[in-house]
Amino acid sequence: MKTGRVRVDYTGSVALADVQFGALTKGIVASTLVSLFLLALWLYLAMHSFRRIIPILLTLLVGFALTTGFAALAVGTLNVISVAFAVLFVGLAVDFGIQFAVRLREQRMLHDDIDVALAAGARVSGSQIAVAAAATACGFLAFSPTSFIGVAELGTIAGVGMGIALVCTLTLLPALLSLMKPARQSKELSLPFGPKLDSLLHCHYKPVLIVFALLGIAGFVVGVRMPFDANPLNTQDPNSEPMRTLRSLADNPVTNPFNINIMVPNLDTARTLTDKLGKLPEVSRAISGATFVPADQQASLDQLNQAQVLMLPSLDVDPSGPPVTPQALRAAINDTLDAINDAKPEMTPDSPLHGIEASLQKLAKAPDDRLMMMNEAVSRFLPTQLDKLRDALNAKGITLESLPDSIKRDWVSPNGQVRIQVSPTVNEQDTSGLRKFVEAVQRVAPDAGGPAVTTIASADTIMRAFKQAATLAIIAIAVVLLLVIRRLKDAGIVLLTLAMSALITALLARALGMAINYANIIALPLLLGVGVSFNVYFVMNWRAGMRRFVSSASARAVLFSALTTGTAFGSLALSHDLGMASMGRMLLVSLVAVLLATFIFLPALLYAIKPPVQVSGTGH
């Protein structure tokens, strides 16, 4: 806001939160309507029957309502991360519904009676959906024990949501389909490019696997070097008023939001440590409570005493003296001009006295009223300045106890400890620079704390939490697969494909210039959930005797499930909030990686492996 020459800027947590909330809600109605339209379109293209679409949507809504109710009871309040359970639930629950409906469509070509077809379809797809739901739920629940609260709550809600989605898919959905009685269809729906891609992968699986092996190696190298953006301010709109103000404050060491604070017992320790920290190359400035208490005050006080003797008498002007008149002003001007004239032999050509002389000569010829106006303008603030000079000459020694309360409150604790504030250089304000800054300061002062230390510690906590959760999730998924599938090879294929999805995600994200941050890191649990869900169908069908993968009905169901999930992710990617948009982009990248691994890498791998002994069921 501008008023004359005064500019008022504002910032702070409340202002930033208000801007973020506005960004989250901006355009939400339009994006929701577009997402719902696309969701219905994908379902129609997948089902070609509203009698199948309506039961799926009703089952999805009931399951979502139940999961939301559980979230309200379990965590109470949702945050920016845990609210993403809605996207995860819609993406995976609709997959369960599509898989069930596709199997029903196959069985309806064999059975005229809808109830018989439902029973047969449930026997074929029920076990696959149950395995996918169990493995996905374990992947999500593995995040519950982590110390990152937002993701822990997300894992709990999404994990339980998978159980709710499974129950609704195997109970409510068949009942609704029985009521709607979808018509029999005469031909199987498959992907138009499926037969050609199956043939290509079957004939050339070796070069395909070699390419993916190279991509996996590149993804691993990139993944271990993937940067983590620990600065939560980077998820804010940089053009908003609070962020512009905050950025301007960041250029000032005193108001930098990523300072480090250290508490020491006394002034001497503060002075010693401040001098030591100020010499670090990562530090732009180090100040403390001791900065306001000069170390060598006596020399300055002696100089002030000498100045008092010389100057105080001339400052003690009697306010009741004779008034200033134009004649007195002209006499003073003439005296000054005479003094300047006497000094001319020693004046340099660029001396300011030449300009003063010219101005005084004009004033000497000015009318009386103008001369008095000049005197008023020049001497208007002179009494105040003289009072300030008089107070400065009467200055006393400063001690810790005599500091003003406004300073003591910020720099001295009630028990006498002194605060040191250390600021980073401009080059040390990104995540890697902040880490160097924190490490350098903590080598000198191990007890250092403050925003910079908290930011780096939070980043380390989050990364440890995700590594722990990823390990637990993989172990849990492996156990579920082994218990249900009971074949080490089959479980290994699912996990290998899942790992390939993760590596391709890292490769694509890095190629697009993306970094991991607080918001988009939730792509990891989704990658595990969607990847396991999609891969289980292919592997279980392969075990049941399937030899055509991309051209199967399961592949069609997986693709349209991915499209519905991608629609939800796309709405996030278009969000006006940078954090939510970053989350949506990372989720889209992970979904693309899952599809590449599922539709190309996994079929090529299955063609390369000796087919298992066929068990009951033919699987299509």
Side-chain angles (χ1 to χ4, degrees), residues 1-10 241 244-245 247-256 284-285 287 291-398 402-404 406-407 426:
M1 180 178 69
K2 292 184 178 180
T3 304
R5 293 181 296 169
V6 177
R7 179 182 177 88
V8 178
D9 298 322
Y10 66 92
E241 175 71 15
R244 289 200 303 268
T245 303
R247 294 296 184 192
S248 65
L249 293 175
D251 295 334
N252 186 338
V254 178
T255 55
N256 188 289
S284 65
R285 182 178 180 183
I287 60 176
T291 305
F292 305 97
V293 184
D296 186 13
Q297 299 185 54
Q298 192 56 48
S300 299
L301 291 173
D302 292 342
Q303 293 176 357
L304 281 175
N305 289 333
Q306 295 177 9
Q308 287 176 1
V309 174
L310 295 174
M311 299 180 65
L312 280 180
S314 62
L315 297 178
D316 292 334
V317 180
D318 184 5
S320 61
V324 177
T325 63
Q327 292 74 19
L329 289 175
R330 294 184 193 280
I333 290 173
N334 291 329
D335 291 343
T336 305
L337 288 173
D338 292 340
I340 293 175
N341 190 56
D342 293 340
K344 277 186 177 180
E346 300 179 5
M347 289 168 53
T348 60
D350 58 347
S351 173
L353 290 176
H354 292 296
I356 294 174
E357 180 184 23
S359 298
L360 290 176
Q361 287 174 348
K362 291 181 181 179
L363 284 173
K365 301 175 183 178
D368 290 351
D369 58 342
R370 188 173 180 182
L371 201 60
M372 294 302 293
M373 289 174 60
M374 178 277 301
N375 179 70
E376 174 67 21
V378 171
S379 62
R380 179 179 179 184
F381 299 104
L382 183 59
T384 302
Q385 296 300 321
L386 292 176
D387 288 340
K388 289 183 178 180
L389 179 59
R390 193 179 295 107
D391 291 340
L393 291 173
N394 288 318
K396 306 296 182 183
I398 301 173
S402 65
L403 286 175
S406 59
I407 296 178
V426 175

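Keep in mind the model is a prediction, meaning the values are calculated, not measured. Excluded from the calculations below are hydrogen atoms, water molecules and symmetry mates; all remaining heavy atoms, backbone and side chain alike, are included.
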- prompt: In Å and rounded to the nearest 0.5 Å, what is the CG to CG distance from L363 to N375?
  reply: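 These two atoms lie 10.5 Å from each other.
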
message: With a 6.0 Å cut-off (strictly less than), is the heavy-atom count around CE of M373, excluding the residue itself, greater than 12?
response: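 Counting other residues, nucleotides and ligands, CE of M373 stays at 12 neighbours or fewer.
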
Point-to-point distance, once rounded to the nearest 0.5 Å, from CG of L389 to OG1 of T384: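 The CG atom of L389 sits 12.5 Å away from the OG1 atom of T384.
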
- request: Flag the pair D335 and R330 as a salt bridge only when some basic side-chain nitrogen lies within less than 4.0 angstrom of an acidic carboxylate oxygen.
  value: no

message: According to salt bridge (charged side-chain N to carboxylate O under 4.0 Å, His left out), who are the partners of K344, at least two apart in sequence or on a separate chain?
response: E357

field: Between CD1 on residue I333 and NZ on residue K362, distance to nearest 0.5 Å
entry: 13.5 Å

task: Answer yes or no: is there a donor N or O on one side and an acceptor on the other, between the side chain of H354 and the main chain of M347, under 3.5 Å?
output: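 Answer holds: no.
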
Test applied, side-chain contact (heavy atoms from CB on, under 4.5 Å); reference residue, L371; option that passes from L329, T325, V324: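 One option only clears the test, and that one is L329.
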
- prompt: Would you find a donor on one side and an acceptor on the other, under 3.5 Å apart, between the side chain of T336 and the backbone of A332?
  reply: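 Yes: the side chain of T336 pairs with the backbone of A332.
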
